[in-house]
Amino acid sequence: MTGYWHFPAIASVLAILYLILDMKWLLLLFIVWLLWLKLLKKMNRTVWLITIFSFLTFVYIVPVVPQTEYEESSIAAEVTGNIEGEVKASSKQIQFTLQPLHHSTKLLVTYFPEKEENYRDIPLEHSLFHGSRCTIHQQIEIPPSSTNPAQFDFRHFLLQKQITHQAVLQDFNDIECISEKGMLSFLYQLRTDLLNRMEDTWSEDTAVWINAIVFGDASAMEESITELFQRFGLSHIIAISGTHVTLVIAFLYLMLVKGNIITKEKTYLFLMVFLPVYSVLAGANPPVLRAAIMMVGLLIFQKYRWKFPYSDLLCIVFMIFILWDPYIIYHVGFQFSFAVTFSILLSQKWISQSKSPVWKVFQVSFIAQMAILPLQIYYFNIFHPLSIFMNLMVIPYFTFFVIPVMYVFAVISFLPDKMIIFLNDIFVFIHERTLQFIGWIDQTLFPPMYLDKLSIISVIIYFVCFLLFMQFLEYKQEKAAAIIGIIFILPILMTASKPYFQDEGIVTMFDMGQGDAILVEAAKREAVVMIDAGAAFHFEDMEPTRGVYKNIIRAYFHQRGIKELDAIIISHDDVDHFGSVRFILEEVNVQELIVSPYFDVTLLEEFQEIQPSLKITYAEAGDLLHFNDAISFQVLAPDADKGDANDNSIVLYTNLGLKWLFTGDISKEIEEQIVRDYPALQIDILKVAHHGSNTSTSEVFLEAVQPRAALISAGRDNRYNHPNEEVLEVLERNQIQVYRTDEQGAIQFYYTDGGGTFSTFLP
């Protein structure tokens, strides 16, 4: 079988795609491929049979995660089980997976530390380690699923880890744990101790990089840094990968062998023991496990002088990983790690043709980026044109400076405080300026491209052309490679430009809980206008939280490729209508902010500080708002200061396929005034005021404007009992179709000049 293990590996990939993507034609493709291998390529019978067996085995074992539907339920229960894997601890949350006794599915347990609690001490105090036997007395819940387009589906994510339920601890009196003795438990406990030691010894700025690079714990990394590296396709730098393991091995080998400490044979034995231990201390993530296992395999082959191709070893490790844990196929790190390694192996001949070390770094960077590009777009909706060049610049900096220094810092933490401070300050001085330079490039040069997921056909075209591109380069057929290179980039460019050729406009009312956030996209991306952008908030200080923007609004912007807004119209200055505006202004170019003359001036000053070029426009009754001749609004209110924020809401009338009325949070009195001022007003779709409160939506108003459909934005089980039953009854009596975000999730209306149709995210 030597040199032939890629055939069973390809069969396993075809089986996975056949099941997960439900691509029935792949079965026919597999049969045709088998016949081609047997009849035309005269494949060895043993290899041929093993390839068939591989396909059938993986078809049988690969789990298919069902699409989730939104539902909520919880029960009080007592669950006993063992902690599996590491306990992830950060200042925001402590989280671990519990494997209940006699159950195949798992339970996610989460605890949110108080501000005064030392989150690193909690696992030590309560015996929260791998293997610990725990009993929980708690409400067991079904995790929430997404209710908006592009929103992260937490339930689906957990199902991919075989986790079906979650428990949120309010108090550690609700859980009792007894630590188990064993090597894995000891190593995970040692990992926790080492993480604590790094934080106690080094400054906060340095400890976060030591823990990320040496121990695979990036939980304390600033979100802005994580997102910066993600945009440039550099996420692997701040997570342990094969590069880190290779550097560790090289350092230990040089120190032990070249330093004449022990013989080469004993060094091999030491590394064979050390690598599995270190992979656990580093978090036991798939990339580091892959690198460690393959290195152990190579050391064994070298020790006994066995000839075994590296590609065969990679294929065997790939299949063993899936046989050991079939759910690992859904792990992003697993997918990225093997995609990059396979691609680099296939390109070894092309890389070896170059004699320049710098050019080889560029080649490896190029191959790695191209190999994971469809995956990066799928998971992050992003492609940065400068990613290859940034890898060329940043990877050497981390490979030859940051990574070695972090390993050295982890080892020398016993040094005197003055020496620690001196070394720490040097590193921080250099590293902060490097990060600032990367941030400057991100802010001033080419912006990233945000786009929707590639279609399956586009991905197939991409990889077929990419393989041909690499083959032409290998045989130095530059012209053919250039043509194919253009072709394999076309699916990405076509996906990115799709909104600019879309003949339909879209109105999206997001399900963001108790608040309003509505986005209007004109056909062919001729104008994009946001009407309100609310947020959840802390009741103690009424300060908005970033969650709604990050998880709902920004996620949708990225999927749709929206980098600029023609305007944000804020109906009034309640946080559930403007709370996400500041976060949008930090990341999205907004040409104009439209408010009523009675809007809070302090907030406007804050918004302009974030984006100084922002144009502020005051709108009141009688004004017309035009956006590139694609979207127009007539302002019906306010006409005077009513002395109440809700009644000072901007009311907008527009034609978006049908006639719409956006009402903010106005009361019945303002509704009646609008009817008096505009007696001929007739609409098709009403955005119900004030989330369905009984302060609005009178029967007189509905009879006057005669809408056919009504949209209500309200949070599930909200404290205000919105929408009010009386309002729902009035809407029903007037035979108005009601769409509610609390029941149907996000509501979208796809329109053309001749009308439109509604679509709800939840059935």
Side-chain angles (χ1 to χ4, degrees), residues 88 90-93 95 110 112-115 119 143-154 157 168 208 218-231 235 238 379-382 439 442-443 447-448 450 508-519 530-560 562-565 568 570 573-590 593 600 602-611 614 713 715-716 718 741 745-746:
K88 297 178 181 178
S90 72
S91 58
K92 294 180 180 178
Q93 65 182 19
Q95 202 168 72
T110 305
F112 299 100
E114 300 291 338
K115 289 182 179 179
Y119 69 91
S145 60
S146 63
T147 61
N148 291 277
Q151 183 182 1
F152 178 67
D153 193 330
F154 186 55
F157 171 74
V168 179
V208 67
S219 59
M221 187 78 66
E222 286 185 19
E223 187 178 358
S224 59
I225 298 296
T226 304
E227 292 177 354
L228 174 65
F229 278 66
Q230 189 182 93
R231 284 194 291 276
S235 297
I238 53 178
Y379 288 110
F380 308 122
N381 299 110
I382 191 171
D442 180 56
Q443 293 291 324
Y450 294 107
T508 303
M509 174 181 274
F510 295 103
D511 174 22
M512 43 99 25
Q514 194 66 14
D516 278 6
I518 300 167
L519 187 71
M530 192 132 200
I531 304 171
D532 286 330
F537 52 89
H538 300 291
F539 281 101
E540 311 88 65
D541 54 14
M542 298 301 290
E543 281 296 307
T545 61
R546 201 167 184 264
V548 167
Y549 168 68
K550 178 186 174 184
N551 300 322
I552 298 174
I553 298 174
R554 186 177 70 173
Y556 185 79
F557 283 179
H558 285 185
Q559 186 190 74
R560 294 286 298 163
I562 296 172
K563 301 185 287 289
E564 183 175 310
L565 295 176
I568 300 177
I570 309 178
D573 49 15
D574 277 353
V575 70
D576 61 332
H577 289 255
F578 76 79
S580 289
V581 171
R582 65 183 65 172
F583 308 122
I584 294 174
L585 292 173
E586 288 171 354
E587 299 185 359
V588 180
N589 181 37
V590 180
L593 186 68
D600 189 332
T602 305
L603 283 173
L604 294 179
E605 291 173 351
E606 178 188 329
F607 295 153
Q608 279 199 304
E609 284 180 9
I610 299 170
Q611 204 169 117
L614 181 67
S713 177
R716 289 169 187 79
N718 64 84
T741 59

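Keep in mind the model is a prediction, meaning the values are calculated, not measured. These numbers come from the heavy atoms of this one structure, side chains and all, not from hydrogens, waters or symmetry mates.
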Novice: Of all the heavy-atom pairs spanning Thr147 and Arg716, show the shortest one and how long it is.
Specialist: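 Scanning both residues, the minimum pair turns out to be CG2-NH2, 3.6 Å.
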Novice: Side-chain donor-acceptor pair under 3.5 Å between Gln95 and Thr110, yes or no?
Specialist: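 Judged by distance alone, the side chains do pair up.
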Novice: Say you draw a straight line from OH of Tyr119 to NZ of Lys92; how long is it, rounded to the nearest 0.5 Å?
Specialist: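 Separation between the atoms: 11.0 Å.
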Novice: Of all heavy-atom pairs between Pro544 and Val575, which one has the smallest distance, and what is that distance?
Specialist: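 Scanning both residues, the minimum pair turns out to be CB-CG2, 3.9 Å.
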Novice: Ignoring hydrogens and geometry, is there a side-chain-to-backbone donor-acceptor pair from Asp532 to Gly534 under 3.5 Å?
Specialist: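 Checking the backbone N and O of Gly534 against the side chain of Asp532, no donor-acceptor pair under 3.5 Å is found.
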Novice: Roughly how far apart are Leu603 CG and Gln608 CD, rounded to 0.5 Å?
Specialist: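 Going from CG on Leu603 over to CD on Gln608, the span is 12.0 Å.
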Novice: Leu565 vs Asn589, test: side chain to side chain contact (heavy atoms under 4.5 Å, CB included). Steps then yes/no.
Specialist: CA-CA 6 Å; Leu565 295 176; Asn589 181 37; over 6 Å; no
Novice: Under 4.0 Å between a side-chain nitrogen and a carboxylate oxygen: does that hold for Glu587 and Lys563?
Specialist: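 Not counted as a salt bridge, because no side-chain N and carboxylate O are separated by less than 4.0 Å.
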Novice: Please verify the inter-ring angle class for Phe154 with Phe157; under 30° counts as parallel, over 60° as perpendicular, anything in between as tilted.
Specialist: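 Taking Phe157 first and then Phe154, their aromatic rings lie parallel (interplane angle under 30°).
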Novice: Please give me the minimum heavy-atom distance between Gly513 and Ser713, naming the atom from each residue.
Specialist: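 Shortest heavy-atom separation between Gly513 and Ser713 comes out as O-OG, 4.0 Å.
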Novice: Under the side-chain contact (heavy atoms from CB on, under 4.5 Å) test, which residues partner Asp442, sequence neighbours left out?
Specialist: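 side-chain contact (heavy atoms from CB on, under 4.5 Å) check on Asp442 returns Leu228, Arg231, Phe232, His384.
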Novice: Work out which heavy atom in Asp516 is nearest to a heavy atom in His577; give both atom names and the distance.
Specialist: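 Heavy atoms only, the tightest pair is OD2-CE1, 3.3 Å.
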Novice: State, yes or no, whether a side-chain contact exists between Ile518 and Thr508 at a heavy-atom distance under 4.5 Å.
Specialist: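 Result no, sub-4.5 Å side-chain heavy-atom pair not found.
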Novice: Do Phe557 and Tyr450 make a side-chain contact, defined as non-hydrogen atoms from C-beta onward lying under 4.5 Å apart?
Specialist: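 They are not in contact (no side-chain heavy atoms under 4.5 Å apart), so the answer is no.
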Novice: Distance check, rounded to the nearest 0.5 Å: Glu605 atom CD versus Ile610 atom CD1?
Specialist: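 Reported value, rounded in 0.5 Å steps: 12.5 Å.
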Novice: Might you point out which heavy atoms bring Pro149 and Ala746 nearest each other, and give the distance in Å?
Specialist: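 Heavy atoms only, the tightest pair is CD-CB, 3.6 Å.
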Novice: Would you compute the distance between atom CD of Gln151 and atom OG of Ser145 and round it to the nearest 0.5 angstrom?
Specialist: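 With rounding to 0.5 Å, CD (Gln151) is 8.5 Å from OG (Ser145).
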Novice: Please report the shortest heavy-atom distance between Ala533 and Ile553, naming the atom on each side.
Specialist: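 Closest approach of Ala533 to Ile553: CB-CD1, 4.5 Å.
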Novice: So do the side chains of Glu586 and Gln611 get within less than 4.5 Å of each other, counting heavy atoms only?
Specialist: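 Answer no - side chains too far apart.
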Novice: When rounded to the nearest 0.5 angstrom, what is the spacing between OG1 in Thr741 and CE in Met512?
Specialist: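 It comes to 9.0 Å.
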Novice: With a 6.0 Å cut-off (strictly less than), is the heavy-atom count around CD of Glu222, excluding the residue itself, greater than 12?
Specialist: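 Open: at most 12 neighbouring heavy atoms sit under 6.0 Å from CD of Glu222.
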Novice: Do Lys550 and Glu227 touch side chain to side chain, with heavy atoms closer than 4.5 Å?
Specialist: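 Answer yes - side chains close enough.
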Novice: Would you indicate whether the side-chain heavy atoms of Met530 and Ile570 approach each other to under 4.5 Å?
Specialist: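 The answer is no; the side chains never approach within 4.5 Å.
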Novice: Between atom CD1 of Ile552 and atom CG of Asn148, what is the distance when rounded to the nearest 0.5 Å?
Specialist: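 Going from the CD1 atom of Ile552 to the CG atom of Asn148 covers 4.5 Å.
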Novice: Is there a side-chain contact between Gln93 and Lys88 in this structure, where contact means two heavy atoms from C-beta onward sitting under 4.5 Å apart?
Specialist: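 Sidechains of Lys88 and Gln93: no contact.
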Novice: Mind checking whether Phe607 and Arg582 have side chains closer than 4.5 Å, heavy atoms only?
Specialist: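 In short, these two side chains touch, coming nearer than 4.5 Å.
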Novice: So Tyr549 and Val581, side chain to side chain contact (heavy atoms under 4.5 Å, CB included) or not? Walk me through it.
Specialist: CA-CA 9 Å; Tyr549 168 68; Val581 171; over 6 Å; no
Novice: Considering only heavy atoms from C-beta outward, does the side chain of Ile584 approach that of Val590 to under 4.5 Å?
Specialist: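 In short, these two side chains touch, coming nearer than 4.5 Å.
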